[in-house]
Amino acid sequence: MADIISDIEKSIKDVIDRAVKKACETQELNITVMPDYIIEVPREKTNGDFATNIAMLLPKQAKMPPRKIAEILTSHMDTADTYIEKVETAGPGFINFYLNNKWLINVIPVIEKEAENYGRCNKGQGKKINVEFVSANPTGPMHMGNARGAALGDSLANLLEAVGYDVTKEFYVNDSGNQIENFGKSLEARYLQLFGIEAEIPEEGYHGEDIIEHMRELIKIEGDKYLNVPEEERRARLTEYALEKNLARMKKDLADFGVEFDIWFSEQTLHKVGKVEQTIDYLKEKGYTYESEDALWFKASQFGAEKDEVLIRSNGLPTYFAADIAYHKNKFERGFEIAIDIWGADHHGHIPRMKGAVEALGYNPDRLHVIIMQLVRLYRQGEIARMSKRTGRAVTLSDLIEEVGRDAARFFFNMRSADTHLDFDLDLAVTQSTDNPVFYVQYAHARICSILRQAEENGITILPAEEANLEVLTEESELAILRKLADFPSEILNSALAYEPYHLTRYSLELSSLFHTFYNSCRVIGQEENIMIARLLLIKSVKQVLKNTLTLLGITAPERM
RNA sequence: GCGCCCGUAGCUCAGGUGGAAAGAGCAACGGACUUCUAAUCCGUGAGCCGGGGGUUCGAGUCCUCCCGGGCGCACCA
């Protein structure tokens, strides 16, 4: 896909490379190794549109000061047939390039042509990538950490897909192991209690109202038929029932949040088909395990972890870790080149051992990338809010959607990088004002739609970009918008490769701000024909790019507000 | 004690592979609506980038040691 920024950078590099060659030919410079120089955008506009540091990387080779090198290179630069208008040397040895603003207007026809595909590319070349996120315990409702993970993971998946990866979004269902045992015991206790039979919820069990609710419903449907069956059978059935209910609930809550998984991967199935056992056997054969105190251990410390880890407990049951190894082995066997896991900060200690396990399995550990999210703190009226307004219990994902809405929640979760604590201001998220960033962005979109509607009502025909005279876009606020629009493809690529969708919220805010500034200084409708058409095309481009950005974030772009 | 993350304006945070005089939003103060949505815009003030060393032409960014905060260090997940 077209990216006018990288095109222009390429043309500048050409100019530089040719100048170096020429300077060497005339023996003014003696350079044998071409340095790895960069083209960058100077912070200060007065330093040009682009700059290069090449002269500052050459003093040793050329045996002269950087400014002198810059002068020589500049003198050999041939800028014919480029947009470069002026080249200057400055500062400690920068070479600054000043461009004719006309290069920027090319972005409008590109956006018009590519529309919803503007910004996308094929960097990923169809490589298979697995993004596992949320993976909340199916023993109860989802909390704020799960919500942040959902927003982050889904936007990241969209982003990776946009740059050409074949993305699979996956939810690992922990429907096995200790916590499920406790879940079953808790359900059973409630079930018996509802029939007036004395029973106790285990120490580490689940005491929530939802457990009682599940059993009330089950009794309504199936009555007392599990009172007189063997304990094991009873627990299995109660667990199965409640898990199914919880999973359905999670699917619904996530769907309300705009998150749809491709695969819900059951941990239980790994055990059932013997994958866990096979994986353990494999590690055993490789000599990466040993027995101690009746348990089987994985030599994690041999692979960079702090200590060894138990695979099979002395009671004969495999640990969660053992299943997780089998799960990751399975991911790679399914052909994923990269597996991304999104975990809460409280799990960060597991990264070395998990990567160690991947390595022990014979895969490059770099193929597993773990994103650690820091905690979310909710604020209401300036104070930490732990409880839901409505239920009085811990705030769940569905509470959050109900209180602030899906768009605001998704935007807020993606405003900060994953590794900073997130202060979520619930009051701000519902505010319909300039303070609320998501409204600010959506308002920009709606405002554009409003102008376009009026243009249509006034019978104004917008020409195709190729036929319009876009050179009349010379106002500072117009040029600033064009520059921002041109940045979009690299913005997406960089965010995707860094696995950091939060750059998109910032981008959307910056573009919106530039639009609002333009709106207040330039009128569109009623201007001289050429200018009006050009501005209509400009704001249409802004609308398209805002829409594309919001879509990646899973947020709606309203036509009116 | 060991490991990971964080420490930038009063508050919340940005600062691609090191680059030229550190940015934004909010809060504070002062302005702009007979005109396409004032849910907006314009302006002002505000900083030993936690601290000390080091690497180099050049460090908020890299290395090291401290200080402060969060989270881990189970035969739980």
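Numbers restart at 1 for each chain; the letters A, B, ... are given by sequence-line order, proteins then strands.
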Over 12 foreign heavy atoms within 6.0 Å of CD, E204(A): no

Syn-anti status, with the boundary at 90° from 0, for the nucleotide rC66(B): anti

Sugar-phosphate only, base, or nothing, as touched by C522(A) at under 4.0 Å among non-hydrogen atoms: base

L57(A) vs E309(A), nearer the 5' end of RNA chain B by closest nucleotide: L57(A)

Aromatic ring pairing F518(A)/F515(A), orientation class (parallel under 30°, perpendicular over 60°, tilted between): tilted

Touch class at under 4.0 angstrom, heavy-atom based, for H347(A) against every strand present: base

Minimum-distance nucleotide to N178(A) side chain [options: rC75(B), rA14(B), rA77(B)]: rA77(B)

Side-chain donor/acceptor of H350(A) to base of rA77(B), under 3.5 Å: yes

Interface polar pairs with nucleotides 20-30 of chain B, N/O, under 3.5 angstrom:
{"residue": "rA20(B)", "atom": "OP1", "partner": "R43(A)", "partner atom": "NH2", "Å": "3.0"}
{"residue": "rA20(B)", "atom": "OP2", "partner": "R43(A)", "partner atom": "NH2", "Å": "2.4"}
{"residue": "rA20(B)", "atom": "N6", "partner": "N96(A)", "partner atom": "OD1", "Å": "2.7"}
{"residue": "rA20(B)", "atom": "N1", "partner": "N96(A)", "partner atom": "OD1", "Å": "3.1"}
{"residue": "rA20(B)", "atom": "N1", "partner": "N96(A)", "partner atom": "ND2", "Å": "3.0"}

Given rA39(B), rC36(B), rG70(B), the nucleotide with the shortest approach to the side chain of F439(A): rA39(B)

Sugar-phosphate, base or nothing in reach of S314(A), heavy atoms under 4.0 Å: base

Identified pairing partner of rC4(B), criterion: Watson-Crick or G-U wobble below 3.5 Å: rG70(B)

Watson-Crick or G-U wobble mate for rC75(B), both contacts under 3.5 Å: none

Candidate nucleotides rC4(B), rC41(B), rA77(B), ranked by approach to the side chain of H348(A) - the nearest: rC4(B)

Base paired to rG16(B) (Watson-Crick or G-U; both N/O distances under 3.5 angstrom): none

Sugar-phosphate only, base, or nothing, as touched by A295(A) at under 4.0 Å among non-hydrogen atoms: base

P gap between rC67(B) and rA59(B), integer Å: 26 Å

Nearest to side-chain heavy atoms of T517(A), which nucleotide of rU40(B), rG3(B), rC42(B): rC42(B)

Touch class at under 4.0 angstrom, heavy-atom based, for Y440(A) against every strand present: sugar-phosphate

Touch class at under 4.0 angstrom, heavy-atom based, for A446(A) against every strand present: base

F265(A) and Y327(A) aromatic ring geometry - parallel, tilted or perpendicular at 30°/60° bounds: tilted

R560(A) or Y320(A), whichever maps to the more 5' nucleotide of RNA chain B: R560(A)

Aromatic ring pairing F183(A)/Y206(A), orientation class (parallel under 30°, perpendicular over 60°, tilted between): perpendicular

F298(A) and Y288(A) aromatic ring geometry - parallel, tilted or perpendicular at 30°/60° bounds: perpendicular

Nucleotide of rA77(B), rC5(B), rC71(B) approaching Q179(A) most closely (side-chain heavy atoms): rA77(B)

Candidate nucleotides rU12(B), rA77(B), rG19(B), ranked by approach to the side chain of N174(A) - the nearest: rA77(B)

Touch class at under 4.0 angstrom, heavy-atom based, for R353(A) against every strand present: base

Identity of whatever pairs with rG30(B) - Watson-Crick or G-U, under 3.5 angstrom: rC42(B)

Distance below 4.0 Å between Y519(A) side-chain N/O and rA38(B) OP1 or OP2: yes

rG53(B) - base-pair partner by Watson-Crick or wobble geometry, distances under 3.5 Å: rC63(B)

Neighbour count >12 (heavy atoms, 6.0 Å) for atom CD, E456(A): no

